[in-house]
Each structure stands twice: as C-alpha cells, then as structure tokens.
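Shown next, in structure tokens, is the structure this report addresses.
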Amino acid sequence: MPTTVVPSFCRNCLAYCPILVTVEDGRAVKVTGDPDAPAFEGYTCPKGRALPAQHNDPARLLHCLAGDEAGAFRPIDSGQVVKDVARRVQDLLARYGPRCIAMYSGTGPVSHPVGAPLARAFFRAVGSRMMFSAATLDKPAEHTSVALHGNWQAGLQTFETSDTWMIVGANPVIARSNGGPLNNPGARLKEAVERGMKLIVVDPRRTETARRAHVHLQLRPGEDPTLLAGIIHILIAEELIDRDFIARHAQGLDALENAVRPFTPEYVAARAGVPQEFLLEAARTFGRGRRGGVVCSTGPSFATHSNLSYYLALCINTLCGRWVRAGERAPFPNVLLPAFTPRAQPWPPFPVESDRPMRVLGLSENASGLPTAALADEILLDGDGQVRALFCLGGNPVLAWPDQLKTEAALRKLELLVVLDYRLTATARFAHYVVPPPLSLELPATTQRVESLKYSGVSRGYPFPWAQYTPAVAQPPADSDLLDDGTFFFLLARQMGLALDWVNPRGQGPNLEGPTTTIPVDMDRPPTADEMVALSCRESRIPLDAVKAHPHGRVFDLDVRVEPREAGCEARLELGAARMMAELMVLRNEDICAAHAAYPLRLICRRANNFMNSVGQSLSCLSGGESLPPAGLHPDDMVSHGLVRGDRLRIRSRHGWMLARAEPDASLRPGIVSVVHGFGDAATLDTAARCAASTSVNRLVDLLERDPITGIPRMTGIPVDIARA
Ligand SMILES: Nc1nc2c(c(=O)[nH]1)N[C@H]1C(S)=C(S)[C@@H](COP(=O)(O)OP(=O)(O)OC[C@H]3O[C@@H](n4cnc5c(=O)[nH]c(N)nc54)[C@H](O)[C@@H]3O)O[C@H]1N2
Ligand SMILES: Nc1nc2c(c(=O)[nH]1)N[C@H]1C(S)=C(S)[C@@H](COP(=O)(O)OP(=O)(O)OC[C@H]3O[C@@H](n4cnc5c(=O)[nH]c(N)nc54)[C@H](O)[C@@H]3O)O[C@H]1N2
Ligand code: SF4
Ligand SMILES: [Mo]
C-alpha cells in the first residue's frame, strides 16, 4: 500500500490540534502539525507527535482480557466478555438494585468523545445515577461557583479581545488549559503581550505562562481565596468597579463589600506572601483595563476553599462588568453544537447541593456531579446501596484518586470491575475484564467536544467558530479484537435486553441553551463510530457535511450578535451568596501560623509537556526511560538539604511517602516541592509494581482535608518533608 499523508487532529488533550498523519499500510508512522489548518499554524506538542508511538506501542492490548483471583490474565473474545459482564450485572441488579452499579469516566473519553453518551445511556437504562467522573477531582468548582454566582449567557470577554487577563493557578502554555488560548498558546500569549495586553499570573511557580506576565503574584500555595478577596477589597476601595453593570445585572454588593473589608492589602500581602505593591498593581491593572477576565484552573481547585476561589473570580468579572454585552459578536456561537441565541443576561444561581446524599463522607450529589472522592468509601462500606460493580471508562483511579492504598483496597473488593483501556494500566491490573478500544487515529471525530467545554465554567473552548471533522485515518492492528467505548455499552445493553437513547448536552446544570432532545438508538445493530458522530451533530448549527468539506478544518464565517436582555428577565448575578460570605469569615479566622514543624515544605502538583496525566510515562520517546517523576525544588532548598540534580528523593506527608527525582528549579518559591502527577503503578500487587508504585503523588494525598461540597481533597500546599532516598 502506498504512503499517504492525511489531515486529522490530535485527541490527546482538549486542544485538538490539527495534524498531518503519514500512514503506511494503514499504520500511522509520523505526525506533524498541519500548516494548512487556519488558526493553529502547524503547532503540535511532543504528545501529539508521539501518537504513532502510542498506536504502535508493543504494550498495547489487542484483545480483551479476563482476570482471575490470582491476578493473572487470559485473552478472551470480546463477544464472550459482553455475555459474561451482562450476566454478572443482571445478577447484581437482581440482588442489590441499580445503585450497586457505578461508572467512573476519566480523561480517556477526550480521545473518543462519542462513546460516553452511550455509556450514560446504559446507566439511564439500568436506572443507576452512579456516574462519577474525573471532573470532580479536577475543577469541580467550575460548577459549584456558577451555581452560587450564576453565569452570563453571552459568555466572558475573551482573551483575544482583552487588554488585561488574570490567570489563577493555570499554565496554559504547557497544559492548553482553562485560562488561555488553545491554539498554539505560547505564540498567542506572546502576540497578546506585544499588542499591549497586561497579563497577571497567580502561581507559586514562575511558569512558562508567568514569564509573560506584567505582574506575577508568586503566592504561598493555597492562599488564592485570600488574594482574590484582597483584590476585591482594592477594586471596591478604589472605585474600580462598574457600578452601572452591577446595578443592572447583579445583587449582593453590600454583603461582599462587608465580607472583604478585613482583607486589607497589608493583611493579604503578608498572608499570601506577595509584595503589597505587586498586589495593588495587579488589582489596579485589572480594574483599569477596558476588557479582560479572571480565570482559575487546577491550582486553586486543588487547594482548600476551592469553591470560594472560583466564586470570587466570578465576582471580580462581574464587579468589573467583564461579560459580553448586547450587540457584540458572540464569542462562543456554536458550530457543531446547536444554534442558540446568546443574550446579555444572567443565568441565575441554582442549588449547589441536592437532597441526594452519598452514604459516606457527608457528601451529596452536587452541582459538579457525584463526588469521585467518595467512591472508594462507597465501595468499601458494607450495607444497603453499596457499590459492587464499577465500569472504568478511560480512567486510572489507582493513580488519579486520593489515597492510593484505599483505592486499591476498594478495587479489590469489587465483585465486578470492567476497565475500558488500551493498556494494562495500574487500574486495569485489578480488573475482572479489560476491554481495549481502537485508538484515536483509528476512529472518526469532530471538534464538538471542545465547543462543549463552555458548559463547564466560563471562558473555555475555542472563542472563534472553529470546527474540524476527521475520518479514521489509520486501521486497528491486524488480528485485533477491539471494541470502542460506545459499541461496548451498546452490545452490553442489547445483551441485557435494554433499549438506549442518545442525549446531547445543551448546557450546565439547569442552564440550558435550548431543549435537549432524546433520540432512540436503533438496537438492531451497533451504530458505527461515524454514525455516533452523526448523532452527536444531529442538531449542529453548521451541518456536519459542511464541516467535512474542509478536511483541514475551518474558522466558519459566523457573525452571531449578542441580543439584549429579554423583557421580563429578572435574573441577577449573585455577589453576596450567604455560604460564600460565611466562608470568607472562616478563612479570615484561620490560624495561618499553625506550625507543621515535622513537615516544613509544601507540595504542589503540575503537568508536564510530555505526559497527559498517567499517559506517556511508558513511552520512552516521551519519558526518556525515566521512571521517577521530577520534583522541582528551589536551588537554596536543594543546597540546604544536601541534594544535587538527579538525586532520588523521598517525599513524606502525614499520610504516606513517595519517591521522586530532585531537580533544581529557580522558578519556584522557596519552601515548595513541585511534582509532576501521574507516575506510578499499583502498590499492593507484585514486587516490581510496588517499586514503581511509590512514585505516585497520591500516596501523599488523603481525604481528611476535603471540600465540604465537592469532596475534592487538598492536593496542593500539602505539608511534606524531604530526604535523599
Ligand atoms: N494528587 C493528584 N491527583 C490528581 C491530579 C493531580 O494533579 N494530583 N490531577 C487530577 C486530574 S486534573 C485529573 S483529570 C485526574 C485524571 O484522572 P484519570 O482520567 O482517571 O487518569 P488518566 O491518567 O488521565 O487516565 C486516562 C486513561 O484513559 C486511557 N485512554 C486514553 N485514550 C482512551 C480511549 O480512547 N478510550 C479509553 N477507553 N481509554 C483511553 C488512558 O490509557 C488512561 O489510562 O487525576 C486527578 N488526580
Ligand atoms: N501537557 C499536559 N497537558 C495537560 C494535562 C497533562 O497532564 N499534561 N492534563 C490535562 C488536564 S486533565 C487538566 S485538568 C489540565 C490542567 O491544566 P492546568 O490547571 O493549567 O495545570 P498545570 O499546568 O498543572 O498548572 C497548574 C498550576 O497551578 C500552580 N499551583 C499549584 N498550587 C497552586 C496554588 O495553591 N495556587 C495557585 N494559584 N497556583 C498553584 C502550579 O504551579 C501550576 O503552574 O491540563 C490538561 N492538559
Ligand atoms: S497540545 Fe499536544 S496533546 Fe494536546 S492536542 Fe495539541 S498536539 Fe495533542
Ligand atoms: Mo484534569
């Protein structure tokens, strides 16, 4: 077969960069950026370029596996897996009812987003609400803050059109994350600064992003809510707020003003550990700017008071009136999502907690969904409603959930664990069945998933009408027996005699852009992956065929204008949510001098350019064969601990310990250890795995300090000590 070069896009992370794939005999052999894709300029990162290595990885699973009690696996036909799992699920349902069947979906579905709707449909069909996801260990406050504050239907002013921008605990240059542009973020940031944008970055590390900042607030980890309250104090005191916007669209200013009164610049600067003049400069720069936004990511999400940090960030946007107004071009007009009418009006707040409690940890189903932090305990606690079967859809709980040893105990206790993954991951090693899917380049996809990021928080996705479709460009390996995630759940449902329906998301919580439609799925034969893509785009603004006509993707010529507030709309953004005002008081009264003599350093996490969470460490082209995660330390801390670059380091928290590789990093605030998350293996299996297991940062994380609404544990600013191992 000849060699061809075909356009596609990378689905490793939610930037979905356009790529060119060189295909030989149906196999992907090379990936480069696609210079013909508008807006991305041929940009890719090492993970994208490693797609062929991932697809051709000798460790890739080509057949389903069945595990036995001793932890050994044997290949098994996919049809047999479907029959076995169906029988076991039916038996559990008959004995314990639907609540005993749960799902955890991780970041894997980013690579194949149209599988998840059928997984959810399966759960609806069996009557179980027990659908958990990585989103509640990631940025659950994106949802709770919107529930408490409300959201703006037309969206936040965009990075592209702003003259100030504040990024709190994100590093978009490396993570293509919330906070910055997705299309070649390094170049976009450089351009923005050159055209005069004043960037404000809040991060304990002078990151690749912070290097472009006008003001970098290199705060103590976890002091984000203090710092944001301080900024609000200054904005109000110096009258840098948009009183006209507030009067028309918000309420609760007096309560907020009172609650932030004790957060004086002196107090905040001392507590957060930043120079007072930097704090004042940041607030004034943002307040005096014409357009801009404050956005948060994992930094403040992993700290305590995460809902409050995100809430205060929304309050700053509202105080400064940074929401898109009537007559302006709508920043997120939907291309492959259905058309809607963006209006210059709020979606009102909604209840942040439901009256559906978990059995454990005092948590409930909440605006961010079901708290994954509670799932291990839900499995471990005997009794009515106990979770006994888990479907793990593209996730790696052993490395991603807090308290690794508890996670492993829970997975071991399950009566049925089905892991849908392409490798025998740390988690899959506990499975009764492992079902490998075709990989991304072997499946069709669209960029719709990135558009729907705006349904999680504010300012996410492409703020321009970009869309692309890719067919499958490579073939699954010869003689493989793979099931994509959607087909697996379809076959399982059919085997159990269930009918599925397809529902596409239309918004966040009760705030919908339009009515959701339910499409019955033809249960006679499994839909092909392309038919699933078509279902997801059934009501798209631009028909899928029109997007397919541009194989390199296209910025569509959509000029959707924001409509004014509707007559009769009473909705207001809430600046003084009682729960948040009370939490500000708690924050102010915290004993910040509480000593941690035995644990003098603070652990923070970060992403690395070569890995997507736990994916990539096993590919030598990305890891360089290194199995220990890098742990950055300020050079002074290296010296005082007698460490040199490359030393094996033992990091200990009150909960556990891990091994890492010491790296001097002058960009860090002194007193901090910055570890890349996602390394490791299962700790309670064989000896070989046990050595690797000690490199997971979740050995150090426990559930004692957790958010009262979302349950997300403290994963940054963890008191630790270090020693050479
Ligand atoms: N201490 C600490 N804990 C953390 C974090 C941290 O920084 N520190 N980060 C948190 C965050 S932000 C997140 S999002 C979570 C991550 O939580 P998870 O999503 O549970 O972990 P990942 O490592 O991203 O696992 C993704 C899995 O999907 C698989 N996969 C990839 N493509 C496909 C596909 O097409 N189909 C299927 N079925 N599987 C696929 C991969 O092989 C991989 O095993 O961890 C959280 N936990
Ligand atoms: N290359 C790469 N890209 C990824 C991923 C990956 O693993 N690798 N993972 C994807 C996923 S699942 C997610 S959720 C996103 C996450 O995207 P981001 O949230 O941008 O993740 P990071 O790059 O780790 O940036 C978090 C920053 O928070 C800082 N930080 C730590 N503690 C604190 C604190 O207490 N306060 C403040 N203000 N900052 C703090 C860290 O120093 C770090 O620079 O990235 C996605 N993209
Ligand atoms: S940033 Fe890297 S991993 Fe993410 S889509 Fe682009 S090439 Fe792929
Ligand atoms: Mo994440």
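Both counts, for ligands and for their atoms, begin at 1 and track the order of listing. Numbers here simply count residues along the sequence, with the first being 1. This is a predicted model, so every value here is computed, not measured.
Near L137, meaning under 4.0 Å from any of its heavy atoms, are these atoms of ligand 1: 10 (C), 11 (C), 46 (C). Atoms of ligand 1 lying under 4.0 Å from any heavy atom of V697, numbered from 1 in the order shown and given with element: 1 (N), 2 (C). Heavy-atom contacts of V701 reach the following atoms of ligand 1: 1 (N) (cutoff under 4.0 Å). Close contacts of ligand 1 with S111, meaning ligand atoms under 4.0 Å from a residue heavy atom, involve 32 (N), 35 (O). Atom numbering of ligand 1 starts at 1 in the shown order; those under 4.0 Å from a heavy atom of D138 are 12 (S), 14 (S).
Any N or O atom pair closer than 3.5 Å counts here, and W401 shares no such pair with ligand 1. Residue T298 has no nitrogen or oxygen atom sitting less than 3.5 Å from a nitrogen or oxygen atom of ligand 1, judged on distance alone. In terms of polar-atom proximity, defined here as any N/O pair under 3.5 Å, G394 does make such a contact with ligand 1. Considering backbone and side-chain N/O of T425, none are found under 3.5 Å from N/O of ligand 1. Considering backbone and side-chain N/O of Y422, none are found under 3.5 Å from N/O of ligand 1. Checked by distance only, ligand 1 and H112 stay at 3.5 Å or farther apart across all their nitrogen or oxygen atoms.
Residue R607 places a heavy atom less than 4.0 Å from ligand 1. Look at D421 and you'll find a heavy atom under 4.0 Å from some atom of ligand 1. Residue S440 places every heavy atom at 4.0 Å or more from ligand 1.
At a cut-off of 2.8 Å, measuring from atom 2 (Fe) of ligand 3, the protein N, O or S atoms that fall short of it are C45 SG, waters left aside.
Residues S440 and S111 have side chains that never bring a donor and an acceptor to within less than 3.5 angstrom of each other.
With a heavy-atom cut-off of 4.0 Å, Y16 touches ligand 3 through its backbone alone.
Relative to atom 6 (C) of ligand 1, the option among R699, H677, R714 with the closest non-hydrogen atom is H677. Distances from atom 37 (C) of ligand 1 to the heavy atoms of V110, T427, L420 put L420 nearest. Of the listed options T107, N12, L700, T107 places a heavy atom closest to atom 24 (O) of ligand 1. Counting heavy atoms only, A400 comes closest to atom 45 (O) of ligand 1 of the residues A400, S301, G395.
Side-chain atoms of R607 never come within 3.5 Å of backbone atoms of I174 as a donor-acceptor pair (strictly under, hydrogens ignored). In this structure a side-chain-to-backbone donor-acceptor pair under 3.5 Å is present from S623 to Q617.
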